[in-house]
Amino acid sequence: MKLKQQLQLLVADVLKAMIADDLLPAIDLPEISIERTRQKEHGDYSCNIAMVLAKHARCAPRDLAQQIVDQLPDTKIIAKIELAGPGFINFYLTDEPLYQAIRDVLSEGRRYGHTDMGAGQKVIVEFVSANPTGPLHVGHGRGAAYGDALARLLRAAGYDVHTEYYVNDAGRQMNILAVSVWLRYLELCGEEMDFPANAYQGDYVWDIAASIHRSRGNDLHRKIDDVFVGVPPDEPLGGDKELHIDGLINRAKELLGSDYEVVFDQGLNEITDNIRRDLSEFGVEFDNWFSERSLHHSGEMEKAIQTLDENGYLYEKEGAKWFRSTDFGDEKDRVVVRDNGQTTYFASDIAYHLDKLDRGYHRLIDIWGADHHGYVARVKAALQALNADKDRFEVLLVQFAILYRGGEKLAMSTRSGEFVTLRELRNEVGNDAARFFYVLRKCEQHMDFDLDLAKSQSSDNPVYYVQYAHARICSVLAQLTERSMPAPDSDNAKFELLTEDHEKEIMSQLLRYQEVLESAAKNHEPHQIAYYLRDLANAFHTYYNAHQFLIDDEGLRNARLVLIQAIRQVLAGGLDLLGVSAPESM
RNA sequence: GCCCCGGUAGCUCAGCUGGAUAGAGCAGCCGCCUCCUAAGCGGCAGGUCGGACGUUCGAAUCGUCUCCGGGGCACCA
């Protein structure tokens with residue numbers, strides 16, 4: 001049992017006894033908060049229950065605290081209890097829980113600190129899910145690093161986690177991509193044109209066009225004058241860029257017939273493969289890539305819309321089908337089927353989330369960019385309309401990463417092709433630094449990502465600080481054989497020899513890891529792990545500078561080596577949760 | 001106009017489910033390698049926690065108002 005819980009129980013038992021003896025009015029006990037103290041002078045843990053209950057007990061907080069302290073039994077884990085300030089009960093621990101922490105770390109290994117909080121509950125975490133219309137940029141990187149760390153964290157907390165990438169392989173954006181590719185292809189065939197303002201401008205579009213040209217030669221070549229027949233003018237010519245591009249999509253379908261799909265699929269597949277590879281290289285692997293198109297093919301789209309209709313939440317207006325989401329608190333009703341008969345992205349989303357529930361997940365966690373926050377209410381509304389429990393669906397919004405280069409804010413737009421890709425970032429600062437940097441900020445925090453800083457000062461990145469501690473420990477342990485010293489022996493370690501303040505501090509930190517992990521998982525905050533690791537690394541570096549490990553005194557040497565072995569284990573375990581490597585040398 | 005997020009040290013950020021003297025990294029200044037990796041360690045300096053009012057024994061933390069910054073409010077995805 002965790003230390004905090006043990007202390008909670010002790011206090012709870014005392015309070016119950018006091019109620020039974022009429023020393024306290026009978027009430028439902030509030031949750032007893034046991035917290036780590038900030039200052040050493042306040043002991044290791046403190047409890048504020050006396051102040052919380054003072055009014056109820058109609059006595060001064062300090063008097064109540066004194067009564068509680070008087071009745072607390074002696075235990076192996078508590079060395080001293082003090083009453084302080086307005087009525088805090090401060091616990092000073094014995095060394096036993098500290099020693100036990102070392103033993104636990106070494107016996108449980110990478111599972112140290114893991115809990116069964118989730119009780120095997122099935123959770124699906126959906127993240128990134130960027131449209132396959134271009135390479136991932138640094139904004140997606142944040143979602144990827146955060147989502148993956150969260151999934152690992154939830155697994156460590158005992159949830160049965162499934163990760164998924166929702167591929168928007170249907171819809172208008174994909175058609176715009178297809179047209180962009182085809183027009184570039186036509187340029188490769190020697191045609192000249194004003195490239196549409198609303199088409200995808202990035203260089204990767206040329207690459208896709210080139211691969212079609214390689215495999216199909218000039219098969220898909222059509223005279224440029226034919227292509228633009230009947231297409232409304234583009235924006236630079238005083239027209240509407242949306243109408244212009246839609247006109248081109250229609251012409252492309254007419255002129256290419258079944259070959260349109262060749263272009264479409266080539267774009268989709270090349271980009272999806274690229275995204276998949278990119279994420280994989282970043283250390284992010286999804287359990288499943290879910291195709292939006294499959295919702296159409298399987299009939300789930302139709303079914304979802306039909307169910308909404310049957311439940312009485314659909315109506316027609318101006319040729320479109322609307323979902324009455326205002327019935328569930330959304331600010332306005334939403335279109336699910338447009339007047340041209342096409343379903344909206346929102347309709348796909350309804351079907352997709354229904355599908356997740358049908359697959360038996362108890363909790364649906366979506367990680368979205370902050371710009372999608374307006375969607376939360378309508379998806380929740382739809383789930384309610386379909387008789388699902390909206391509280392099983394949770395959206396975590398990741399704020400934007402604002403990029404700076406040379407002090408200048410950078411524009412980020414997939415359409416214009418102006419963006420720094422995730423791949424560029426990884427190449428420049430490395431996966432480990434990128435992942436740690438991303439996860440160092442909680443997701444709702446706006447992030448200033450200074451590229452110059454990340455590149456030029458990558459050795460100042462806090463990730464190296466943590467990794468360095470790990471590598472240093474590995475280095476020390478590696479020298480044992482060179483010096484003909486025995487490997488650390490935890491079974492026979494005399495932990496009572498570890499009397500230095502630095503050692504006590506480290507043991508206390510090792511013990512704390514369990515609490516940090518649980519809190520990080522509960523609050524969906526991987527950054528807590530990152531900050532913890534930096535603290536632990538700091539404690540180690542300080543220890544390293546103050547004391548020698550490879551000393552002649554065998555008993556002390558063994559105890560110290562067992563201790564740093566435990567540090568190494570926790571550093572490696574924590575870094576793994578963040579998807580960061582733990583190198584043995586640097 | 002409405003909604004979401006942020007405003008804490010020169011810079012980037014922790015702390016926010018109320019607790020006891022507000023923390024870290026970077027930048028600045030001063031020290032530490034004949035010794036297990038100096039990508040390290042120690043020290044100094046640096047703050048009206050945007051502002052006001054309120055709730056409370058106690059507020060950076062909760063509530064209301066307000067100012068500043070980012071984002072969102074489509075028959076786009």
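Residue numbering restarts at 1 for every chain, and letters A, B, ... go by the order of the sequence lines. Excluded from the calculations below are hydrogen atoms, water molecules and symmetry mates; all remaining heavy atoms, backbone and side chain alike, are included.
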Student: Determine the Euclidean distance between corresponding C1' atoms of B/U61 and B/U17; express it in Å to zero decimal places.
Tutor: 10 Å

Student: Please classify the nucleic acid contact of A/Ser33 as base, sugar-phosphate, or nothing, using heavy-atom distances under 4.0 Å.
Tutor: nothing

Student: Within less than 4.0 Å of OP1 or OP2 of B/C76, is there a side-chain N or O belonging to A/Arg338?
Tutor: yes

Student: Measuring only the P atom in each nucleotide, how far is B/C33 from B/G46? A whole number of Å is fine.
Tutor: 28 Å

Student: Ignoring the backbone of A/Glu331, work out which of B/C73, B/C41, B/U21 is nearest its side chain.
Tutor: B/C73

Student: Roughly, in whole Å, what's the span from NE2 in A/His541 to C1' in B/C36?
Tutor: 14 Å

Student: Evaluate the ring planes of A/Tyr315 and A/Trp322, with Trp represented by its six-membered ring, and classify them as parallel (under 30°), tilted (30 to 60°) or perpendicular (over 60°).
Tutor: parallel

Student: Look at A/Tyr465 and B/C41 and indicate whether a side-chain polar atom (N or O) is within less than 4.0 Å of OP1 or OP2.
Tutor: yes

Student: What contact category does A/Tyr544 fall into here, base, sugar-phosphate, or nothing, at under 4.0 angstrom with non-hydrogen atoms?
Tutor: base

Student: Does A/Thr37 place a side-chain N or O at less than 4.0 Å from the phosphate oxygens OP1/OP2 of B/A20?
Tutor: no

Student: Which nucleotide in the set B/C4, B/G15, B/A74 lies at the smallest distance from any side-chain heavy atom of A/Lys332?
Tutor: B/A74

Student: For the base of B/C5, is there a side-chain donor-acceptor partner from A/His446 under 3.5 Å away?
Tutor: yes

Student: Mind checking if A/His372 touches a base, just sugar-phosphate, or nothing, with heavy atoms under 4.0 Å?
Tutor: base

Student: Have a look at A/Ala471 and say if it touches a base, only the backbone sugar-phosphate, or nothing, with a 4.0 Å heavy-atom cut-off.
Tutor: base

Student: Tell me the interatomic distance from A/Gln173, atom CD, to B/A74, atom P, rounded to whole angstroms.
Tutor: 16 Å

Student: Using a heavy-atom cut-off of 4.0 Å across all strands, would you classify A/Ser46 as base, sugar-phosphate, or nothing?
Tutor: base

Student: Among the nucleotides B/C41, B/G15, B/G6, which one has an atom lying closest to any side-chain atom of A/Glu525?
Tutor: B/G15

Student: So that I can tick it off, tell me whether A/Arg512 and A/Asp535 are bridged by a salt bridge, with the cut-off set at under 4.0 angstrom between side-chain N and carboxylate O.
Tutor: yes

Student: What integer number of Å spans the P atoms of B/U12 and B/G19?
Tutor: 26 Å

Student: Look at the side chain of A/Val52 and decide which nucleotide, out of B/G6, B/A14, B/G19, has an atom nearest to it.
Tutor: B/G19

Student: In terms of ring plane angle, is the pair A/Phe323 and A/Phe346 parallel, tilted or perpendicular, where the classes change at 30° and 60°?
Tutor: tilted

Student: If the plane angle is over 60° it's perpendicular, under 30° parallel, otherwise tilted; pick one for A/Tyr165 and A/Trp289.
Tutor: parallel

Student: Closest approach to the side chain of A/Arg441, judged atom by atom: which nucleotide of B/A39, B/U17, B/C13 is it?
Tutor: B/C13

Student: Calculate the interatomic distance between A/Tyr531 atom OH and B/A22 atom P; express it in whole Å.
Tutor: 20 Å

Student: Is A/Phe549 touching bases, backbone alone, or none of the nucleic acid, heavy atoms closer than 4.0 Å?
Tutor: base

Student: Check the distance between B/U17's P and A/Ile32's CD1 and give it to me in whole angstrom.
Tutor: 19 Å

Student: How far does the C1' atom of B/C49 sit from the matching atom of B/C30, given to the nearest Å?
Tutor: 30 Å

Student: By the 4.0 Å heavy-atom rule, please label A/Arg534 as base, sugar-phosphate, or nothing.
Tutor: sugar-phosphate

Student: Figure out the CD/C1' separation between A/Gln528 and B/U17, and round it to whole Å.
Tutor: 12 Å

Student: Quick one: label A/Asp339 by what it contacts on the DNA or RNA (base, sugar-phosphate, nothing), any heavy atom closer than 4.0 Å.
Tutor: base

Student: Roughly how many Å apart are B/A9 and B/G47, using the C1' atom of each and rounding to a whole number?
Tutor: 5 Å

Student: Nearest whole Å is fine: how far is B/A74 C1' from A/Arg334 CZ?
Tutor: 9 Å

Student: Starting at atom NZ of A/Lys317, determine the distance to atom C1' of B/A74, rounded to an integer number of angstrom.
Tutor: 13 Å

Student: Determine whether any donor atom in the side chain of A/Asn90 lies under 3.5 Å from an acceptor atom in the base of B/A20, or the reverse, and answer yes or no.
Tutor: yes

Student: Start at the 5' end of RNA chain B and walk down; is the nucleotide closest to A/His373 or to A/Arg483 reached first?
Tutor: A/Arg483

Student: Using the P atom on both, measure B/U56 against B/G15 and round to a whole Å.
Tutor: 28 Å

Student: Please answer whether the main-chain N or O of A/Tyr465 pairs with a side-chain N or O of A/His541 as donor and acceptor at a distance below 3.5 Å.
Tutor: yes

Student: Flag as yes if A/Phe88 stacks onto the base of B/A20 (centroids under 5.5 Å, planes under 30°), otherwise no.
Tutor: yes

Student: Would you call B/C16 syn or anti, using the 90° rule around 0?
Tutor: anti

Student: Regarding B/C4, can its base be found pairing with the side chain of A/Gln399 as donor and acceptor, where the two atoms are less than 3.5 Å apart?
Tutor: no

Student: Quantified in whole Å, what is the C1' atom distance between nucleotide B/C11 and nucleotide B/C16?
Tutor: 22 Å

Student: Just name whichever nucleotide pairs with B/A59, Watson-Crick or G-U, keeping both distances under 3.5 Å, else none.
Tutor: none

Student: Answer yes when A/Glu242 and A/Arg172 have at least one side-chain N-carboxylate O distance shorter than 4.0 Å, and no when they do not.
Tutor: yes

Student: Do A/Glu515 and A/Arg36 meet the salt-bridge criterion of a basic N to acidic O distance under 4.0 Å?
Tutor: yes

Student: Counting heavy atoms from C-beta on, name the nucleotide in B/G19, B/C4, B/G40 closest to the side chain of A/Pro86.
Tutor: B/G19

Student: Over 60° means perpendicular and under 30° means parallel, so classify the ring planes of A/Phe549 and A/Phe540, tilted if in between.
Tutor: parallel

Student: So A/Lys442, base contact, sugar-phosphate only, or nothing? Heavy-atom distance under 4.0 Å.
Tutor: base

Student: How is A/Lys522 classified with respect to the nucleic acid when contacts are heavy atoms under 4.0 Å: base, sugar-phosphate, or nothing?
Tutor: nothing

Student: Looking at every strand, decide which applies to A/Thr542 at a 4.0 Å heavy-atom threshold: base, sugar-phosphate, or nothing.
Tutor: sugar-phosphate

Student: Would you please test A/Asn523 and A/Gln528 for side chain to side chain contact (heavy atoms under 4.5 Å, CB included) and show each step?
Tutor: CA-CA 9 Å; A/Asn523 297 304; A/Gln528 288 191 33; 3.9 Å; yes

Student: Would you mind classifying the nucleic acid contact of A/Asn538 as base, sugar-phosphate or nothing, using non-hydrogen atoms under 4.0 angstrom?
Tutor: sugar-phosphate

Student: Rounded to whole angstrom, note down the P distance from B/G63 over to B/C4.
Tutor: 12 Å

Student: Quick check on RNA chain B: between A/Gln479 and A/Ser519, whose nearest nucleotide comes earlier from the 5' end?
Tutor: A/Ser519

Student: What's A/Glu584 touching, base or sugar-phosphate or nothing? Going by heavy atoms closer than 4.0 Å.
Tutor: base

Student: In whole angstroms, how far is the P atom of B/A38 from the CZ atom of A/Arg472?
Tutor: 5 Å

Student: Does the B/G19 base have a donor-acceptor partner in the side chain of A/Asn48 within less than 3.5 Å?
Tutor: yes

